[in-house]
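When reading the values below, keep in mind they use all heavy atoms of this one structure, side chains included, and skip hydrogens, waters and symmetry mates.
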Amino acid sequence: MARLIRALLMLALLAPALAQAAIEVREFDDPVMRDRFESLTATLRCPKCQNQAIGDSDSPIAGDMRQRVYQQLQAGRSDKEILDFMVSRFGDYVLYNPRLEGRTLLLWGLPAGLILGGGLLVAWLVRARRRASARTLSDEERARLDALLEREDDR
């Protein structure tokens, strides 16, 4: 029992120190600069994590990327320059919204093309069904239908 109490006491004493070590503190004199930092860290994707922004990731590479963004903001670089630097270092994968370029046209155009193609397919199917339902019965079909209806009336 004494061991358990001692272990819990040690854990309680070490917990604030461990929590403090995980928090990154960045000082900004200008609130606009802090907003730019938060916007950029939300815009950039962590290369190690799956679909997680570097602002939300705990991976070491995301911490390094946040530090690079902070340093470049302090150096007076624009958001475009910072994004260009990150893309040149990590590739287009780090951007949640890839740039519209020749090699990304398929990525941007495919959803619109699929929606347009689906709409055309639905319109074609509706039109085909309307034509099929508007078709008149042949003499054979009319005679068969009349025979079935007469059988129903006899019952």
Side-chain angles (χ1 to χ4, degrees), residues 1-138 141 145:
M1 186 69 171
R3 281 182 156 174
L4 179 63
I5 293 174
R6 219 176 306 149
L8 289 174
L9 184 60
M10 289 280 276
L11 185 62
L13 291 173
L14 289 176
L18 292 173
Q20 185 66 23
I23 297 172
E24 296 175 7
V25 179
R26 296 204 166 61
E27 296 293 325
F28 293 100
D29 297 332
D30 185 13
V32 173
M33 190 79 74
R34 182 181 58 242
D35 291 343
R36 284 180 59 204
F37 176 78
E38 289 173 3
S39 172
L40 285 168
T41 56
T43 302
L44 294 168
R45 181 191 328 237
C46 176
K48 182 178 179 186
C49 308
Q50 290 191 354
N51 262 350
Q52 193 172 18
I54 64 171
D56 300 331
S57 175
D58 292 332
S59 75
I61 190 130
D64 178 56
M65 290 173 75
R66 285 190 299 268
Q67 183 62 30
R68 298 277 176 151
V69 169
Y70 177 76
Q71 289 170 348
Q72 291 190 17
L73 280 172
Q74 296 300 322
R77 300 239 168 111
S78 70
D79 291 357
K80 183 179 181 335
E81 290 174 326
I82 294 170
L83 291 174
D84 288 343
F85 171 78
M86 290 298 184
V87 167
S88 70
R89 180 152 186 216
F90 297 102
D92 285 329
Y93 176 78
V94 297
L95 298 176
Y96 271 116
N97 293 321
R99 296 174 177 153
L100 185 59
E101 299 173 345
R103 60 191 171 133
T104 60
L105 283 177
L106 183 64
L107 177 68
W108 285 102
L110 191 60
L114 289 174
I115 290 171
L116 182 65
L120 290 173
L121 179 66
V122 167
W124 179 76
L125 288 172
V126 167
R127 194 170 180 200
R129 284 207 172 176
R130 281 188 185 159
R131 281 188 195 152
S133 67
R135 183 176 62 95
T136 60
L137 297 176
S138 68
E141 292 169 330
L145 181 61

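Of the candidates Met65, Gln72, Glu81, Met65 is the only one forming a side-chain contact (heavy atoms from CB on, under 4.5 Å) with Met86.
The nearest pair of heavy atoms linking Pro60 to Lys48 is CD-NZ, 4.4 Å. When all heavy atoms are compared, the tightest approach of Cys49 to Ser57 is SG-OG, 2.9 Å.
More than 12 heavy atoms of other residues, nucleotides or ligands lie within 6.0 Å of CG in Asp30, so this atom counts as buried by the packing criterion. Residue Arg77 qualifies as open at atom CZ: its count of foreign heavy atoms under 6.0 Å is 12 or below.
For the atom pair Ile82 CD1 and Gln71 CD, the distance stands at 11.0 Å (nearest 0.5 Å). A distance of 11.5 Å separates CG in Leu121 from CG in Leu116, rounded to the nearest 0.5 Å. Here the CE-OH distance, from Met33 to Tyr70, works out to 9.0 Å after rounding to the nearest 0.5 Å. Atom CD1 of Ile61 sits about 10.0 Å away from atom CD1 of Ile54, to the nearest 0.5 Å. Atom-to-atom distance recorded for Asp56:CG and Arg66:CZ is 9.0 Å, nearest 0.5 angstrom.
Side-chain contact between Leu44 and Leu83 is present, with heavy atoms from C-beta onward closer than 4.5 Å. Put simply, the side chain of Asn51 reaches to within 4.5 Å of the side chain of Arg45, judged on heavy atoms. Side-chain contact between Lys80 and Asp84 is present, with at least one heavy-atom pair separated by less than 4.5 Å.
Remark: the backbone N or O of Asp35 is not paired with any side-chain donor or acceptor of Ser39 at under 3.5 angstrom.
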Test side chain to side chain contact (heavy atoms under 4.5 Å, CB included) applied to Asp79 and Thr43, step by step: CA-CA 11 Å; Asp79 291 357; Thr43 302; over 6 Å; no

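Salt bridge annotation for Asp64-Arg68: present, with a cationic side-chain nitrogen under 4.0 angstrom from a carboxylate oxygen.
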